[in-house]
Amino acid sequence: MSSIYGLYERLLSEYGTQGWWPFLDTSYHKDDYSYPQNSKQLFEIYLGVVLTQNATFKSVVQSLENLKSLDALSPIKVLNLDEHILKEAIKPSKYYNQKALYLQNVAHFFMAQNGKTPSRADLLSIKGIGEESSDSILLYGYNEPQMIIDAYTKRIFTHFGFVGEGAKYRDLKGLIEAEFSKKLSGKDLVIAYQEFHALLVEHAKRFYSRKPYGCSIHAEFV
DNA sequence: AGCCAGGCTACCG
DNA sequence: CGGTAGCATGGC
């Protein structure tokens with residue numbers, strides 16, 4: 001087995017389903033893909049997406065808990081929060097000056113959206129939301145079939161030889177989506193993208209933090 | 001004690 | 001367009 005889909009199946013058998021996104025809401029259960037179920041959970045994804053940019057999972061949880069203790073997990077409350085307080089709350093997630101602005105931007109956007117599903121272009125127009133953040137919001141927030149490409153995905157795919165060093169975001173996204181959309185559709189496709197992304201992160205945390213890369217799974221695909 | 005985290009914007013050529 | 005400096009904390 002040497003296909004990209006084969007890697008997905010192999011990682012799934014290795015680590016199992018990850019059932020992923022919301023950081024704070026403990027009502028979220030693995031293998032239940034019906035989330036987010038309300039506006040609060042949806043906005044938490046927007047917050048998490050911004051905070052997680054080049055930051056660790058732990059630090060994002062810390063920041064979200066700080067915001068929660070300030071009762072500032074809703075867009076209007078983020079906007080009403082004193083800027084200094086907001087920055088202090090999200091400090092663990094780095095770049096707090098930039099991210100405070102980004103959080104205000106997504107809060108405005110979220111309210112203007114009024115429940116509608118945004119387009120990818122709309123999301124990209126927000127200062128602070130790039131390609132990965134857009135796809136994360138669409139895939140986990142709105143269950144739209146958009147594969148997320150992050151630094152780990154690129155690292156693993158380059159190491160496996162699926163793409164060259166110079167591959168760009170759209171190259172990786174196109175490659176994966178072309179193969180997956182031939183095999184799956186509808187909700188199954190969304191779930192596969194969610195799980196594949198989460199599995200790549202899990203795998204990368206174990207084996208792709210530091211060179212030399214590689215593990216037994218890589219050897220199976222050479 | 002360093003190294004490095006699930007990026008993005010602005011600005012360079 | 002493609003490439004990269006700057007952002008800037010804290011866990012391991």
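First the proteins, then the strands, lettered A, B, ... as listed; each starts at 1.
- Atom pair A:Arg206:CZ and C:dC12:C1' shows a separation of 17 Å (rounding to whole Å applied).
- Screening A:Phe207, A:Tyr213, A:Phe162, A:Phe160 for a ring-ring contact (aromatic ring centres under 6.0 Å, His included) with A:His218, the sole residue that qualifies is A:Phe160.
- Using a cut-off of 4.0 Å between Lys/Arg side-chain N and Asp/Glu carboxylate O, A:Lys91 and A:Glu88 are scored as salt-bridged.
- Taking only side-chain nitrogens and oxygens, A:Arg170 never comes nearer than 4.0 Å to OP1 or OP2 of C:dC1.
- In this structure, the side chains of A:Leu73 and A:Phe43 stay at 4.5 Å or more apart for every pair of heavy atoms.
- Going from atom CG of A:Asp135 over to atom P of B:dG7 covers 13 Å, rounded to whole Å.
- By the 6.0 Å and 45° rule, A:Lys87 does not stack over the aromatic ring of A:Tyr96.
- Two rings, from A:Tyr193 and A:Phe180, have their centers less than 6.0 Å apart.
- Computed from coordinates, the A:Lys211 NZ to B:dC3 P distance equals 15 Å when rounded to whole Å.
- The residue A:Ser209 sits close only to the backbone: its heavy atoms come under 4.0 Å of sugar-phosphate atoms, none of a base.
- Once rounded to the nearest 0.5 Å, the distance linking OH of A:Tyr15 with CD1 of A:Ile217 reads 4.5 Å.
- Going from atom NZ of A:Lys99 over to atom P of C:dT9 covers 12 Å, rounded to whole Å.
- A heavy-atom distance below 4.5 Å is found between the side chains of A:Tyr169 and A:Ile149.
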What string of B, S and - do you get for nucleotides 8-13 of chain B, 5' to 3', when a contact is any protein heavy atom under 4.0 Å?
-> SSS---
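- Rounded to whole angstrom, the span from the CG atom of A:Leu51 across to the P atom of C:dT9 amounts to 15 Å.
- A gap of 27 Å separates the P atoms of B:dA1 and C:dA8, to the nearest Å.
- Taking the side chain as every heavy atom from C-beta outward, A:Leu123 and A:Tyr46 approach each other to under 4.5 Å.
- Whole-Å rounding puts the A:Asn54 CG to C:dT4 P distance at 16 Å.
- Taking atom P on both nucleotides, C:dG10 is separated from B:dC8 by 22 Å, rounded to a whole Å.
- Rounded to whole Å, the distance from NZ on A:Lys154 to P on B:dG7 is 12 Å.
- Under the Watson-Crick or G-U wobble criterion, with both distances below 3.5 Å, B:dA1 is left unpaired in every strand shown.
- Taking every heavy atom of residues 84-97 of chain A and every atom of DNA chain B, pairs under 4.0 Å involve A:Lys94, A:Tyr95, by number.
- By the 6.0 Å and 45° rule, A:Lys183 stacks over the aromatic ring of A:Tyr5.
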